[in-house]
2 protein chains.
Amino acid sequence: MVTLAEVAQHAGVSSSTVSYVLSGKRSISTTTRQRVEESIRKLGYHPNAGARALASSRSNIIALMVPLRTDMYVPVMMEIAVAVAAGARAHGYDILLLTGEEGPDAVRRVTGSGLADAMILMDVELDDERLPLLRGTQQPSVLIGLPADTEGLTCVDLDFRATGALCVEHLAELGHRDIAVVGEAPAVYERHTGFAERTLDGLRTRARELGLRLLHRPCEGGYDATAATLARVFDERPETSGFVVQNESALEPLLALLRQQGRAVPEDVSVVAVCPEQVATQASVRVTSVAVPAQEMGRRAVEQLVGKLDGLGGDEVVLLAPELTVRASSGPAPVRP
Amino acid sequence: MVTLAEVAQHAGVSSSTVSYVLSGKRSISTTTRQRVEESIRKLGYHPNAGARALASSRSNIIALMVPLRTDMYVPVMMEIAVAVAAGARAHGYDILLLTGEEGPDAVRRVTGSGLADAMILMDVELDDERLPLLRGTQQPSVLIGLPADTEGLTCVDLDFRATGALCVEHLAELGHRDIAVVGEAPAVYERHTGFAERTLDGLRTRARELGLRLLHRPCEGGYDATAATLARVFDERPETSGFVVQNESALEPLLALLRQQGRAVPEDVSVVAVCPEQVATQASVRVTSVAVPAQEMGRRAVEQLVGKLDGLGGDEVVLLAPELTVRASSGPAPVRP
DNA sequence: GTTGACTGTCGAAGCGCTTCGACACACCTA
DNA sequence: TAGGTGTGTCGAAGCGCTTCGACAGTCAAC
């Protein structure tokens, strides 16, 4: 391995000069800089990450904790993770991938060892056990998701409460009075995952305000579970004409089942989904949806974090405004006989 | 931050002793060890990763290059990545997440800087441009996927050629004579992705041997693209009674379309898929499938890599044997009029 | 011409850990 | 009792980089 000292010798300068050429922290004359850069290229020099981290107490690594759960729709997580990775690279950071498995211990390990300069946490629960640790360290962090108490934390998330409200409003405007919500798996609610509960809250509040009837059913997703859920919904509320789906793996099954039962979408039943664009546009019916802006969330999280690392900006909650795109799955409520 | 020296002082021993307690590389008396461990706990000591990496030239980090492409079915990738992360942690390694975006440069960066001790590459093309770099370094690496030339490389993959053959055999045994293959997106083939081409090879070879007619059509996935593909298939080969699907996002659309067209599965048409278990069992019909053992692949890749890092084992190609699970989507070919 | 302010470069002191050789001591054997 | 063999511990020398203070040299201003 070529070292900085060897580069310095090759270029006929001191090693500190090479270091300053690399970091740009002091001005270097053009001729010297060029000579050094030439040597770097010729020798194929790469700074040693460990030495750099030790000397500067900066690893240029951002830890990303992604959930490992199987009851979550992974593509969204993956999309966020990829956006985070790309964004981080653009700012000169690498990503250390931590699976949720380790839980709070991972936070301790990373902050304690200086392995990473900062962390991004995904899949935040309303009362997440990792939060006290984050508050008790000076290591910058950003949550993707919104816990109950955001005091002293930086969070980035879609405004799921507004999302819920938006879905209800859309269906209300179309004249629907009985709305069913096909939600995430029961375990997601049991865990008090922020986004699920807040969506539900938004849905319920707005429905109450507008005088609609709302029926919420968690659903495991997949064909069978969705069929069971659907049956129970129509059993309990035969008048249901509007569906809000917040569970990607229940969306296509739901559409298929409705079709099979002879309920036309959107003539008899309207469907609104909360899901990534791609899912909504690739389904068997183009689905009216509020997109989960995974990329945007990942990007913003990195931006917030880099801002904090550079000493700018404080604690802030960034809530992205939801946007509802009307497609072919929603239309005027059927006229009651 | 607490340092090793502080722990040593607190325990009344030299810092090298603390280091040996931590690493176990020299024998330490029980009393000393306990005293040191006590101090470590009391002071809340965490070894500094940078210093450790510098002194030992070992970072205990494994780099994982995952593709960033959008034309690949991400859940499989994610599943592998998560399995890799879990496996790595079990062996004391962390995972550095590299997106395919950087390409060969990422390999250079990581090997050059000592950021990671080893790498795992996913989404390998038959003639991958990263391979020469891997061969030219002593840094251990494992590919998940199989390039054309495996000389000097360690690879882990499902035996996709056997997978293709297995699908054809199953359909042949059921009496199907005309088989259509709904494949991955065209871009996947254009890139000469190993698994796609090898599956196709297995399908074609076995079909030829058994005297079956095989029609292969790449497919973007999603409802519309699948509909178009399906139309073209029946247009060209109206007799088609067996489908092999190697594209998760085309599977459910295919089933829905067949249903819509009044073609019963499996009475009129049999469907065999190459996909994760979950996709096969959660579809609207339980699909006969060869599972892509993502977890197993991730686990094996880590094992191979750790073996190499510990100086055991050499270059090896691990091909996992495919297993076909018969479910409700395949049955005897319809009797020709 | 002297003063002062800059600029560009250097030397050296760490950063916190691992690891090697040395060494003190206890124990056994001859 | 002298010599050999282990055991357990210590000291010190780095690992390759960053960064701080120092210091020539240059140039403008008075």
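In what follows, chains carry the letters A, B, and so on, assigned in the order in which the sequence lines appear, proteins first and then strands, with residues in each chain numbered from 1. All figures in this text were calculated on a predicted structure; none of them were measured in a lab.
Of the candidates C:dC17, D:dC10, C:dG8, C:dC17 carries the atom nearest the B:Thr3 side chain, counting heavy atoms from C-beta on. The side chain of B:Ala51 approaches C:dG16 more closely than any other nucleotide in the set D:dT9, C:dG16, C:dT19. Here the nucleotide nearest the side chain of A:Tyr45, chosen from D:dC17, C:dC20, D:dG8, is D:dC17. Checked against C:dG8, C:dG16, C:dC10, the side chain of A:Leu54 finds its nearest nucleotide in C:dG16. Closest approach to the A:Ser14 side chain among D:dG8, C:dG16, C:dC10 is made by C:dC10 (side chain taken as heavy atoms from C-beta onward). Taking only side-chain atoms of A:Ser29, from C-beta outward, the nucleotide of D:dT18, D:dG8, C:dG8 with the closest atom is C:dG8. The side chain of A:Tyr20 has C:dC10 as its nearest neighbour among C:dC10, D:dT18, C:dT18.
Tested against A:Ile62, the residues A:Leu96, A:Val142, A:Ile120 include a single side-chain contact (heavy atoms from CB on, under 4.5 Å) partner, A:Ile120.
Between the P atom of C:dT9 and the CG atom of A:Leu22 lies a distance of 15 Å, rounded to the nearest Å. Between B:Asn48 atom CG and C:dC17 atom C1' there is a gap of 8 Å when expressed in whole angstrom units. Here C:dG16 presents its C1' atom at 18 Å from CZ of A:Arg52, a figure rounded to the nearest Å. Whole-Å rounding puts the A:Leu115 CG to C:dG16 C1' distance at 14 Å. Protein atom CG of B:Leu4 is 14 Å distant from nucleotide atom P of D:dG11, rounded to whole Å. The NZ-P distance, from B:Lys25 to C:dC17, rounds to 15 Å in whole Å. Taking atom CE of A:Met1 as the reference point, atom C1' of D:dG14 lies 19 Å away to the nearest angstrom. Rounded to whole Å, the distance from CD on A:Gln9 to P on D:dC17 is 14 Å.
The residues B:Glu303 and B:Arg299 are annotated as salt-bridged, a charged nitrogen and a carboxylate oxygen being separated by less than 4.0 angstrom. Classification of A:Arg135 and A:Asp149 as a salt-bridged pair holds, one side-chain N sitting under 4.0 Å from a carboxylate O.
With hydrogens and angles ignored, no donor-acceptor pair under 3.5 angstrom links the side chain of B:Arg26 to the base of D:dT7.
Across all strands shown, B:Ser19 has heavy atoms under 4.0 Å from base atoms, whether or not it also approaches the sugar-phosphate.
Residue order along DNA chain D, read from the 5' end via each residue's closest nucleotide, puts B:Thr17 first among A:His46 and B:Thr17. For the pair B:Ala55 and A:Ser16, both in contact range of DNA chain D, the more 5′-proximal nearest nucleotide belongs to B:Ala55.
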Practice task
Could you walk me through whether A:Phe195 and A:Val292 pass side chain to side chain contact (heavy atoms under 4.5 Å, CB included), step by step?
Solution key: CA-CA 11 Å; A:Phe195 82 93; A:Val292 176; over 6 Å; no
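Put simply, B:Ser27 has no side-chain N or O that comes within less than 4.0 Å of OP1 or OP2 on D:dT7.
To the nearest 0.5 Å, atom CG of residue A:Asp105 and atom CG of residue A:Leu98 are 11.5 Å apart.
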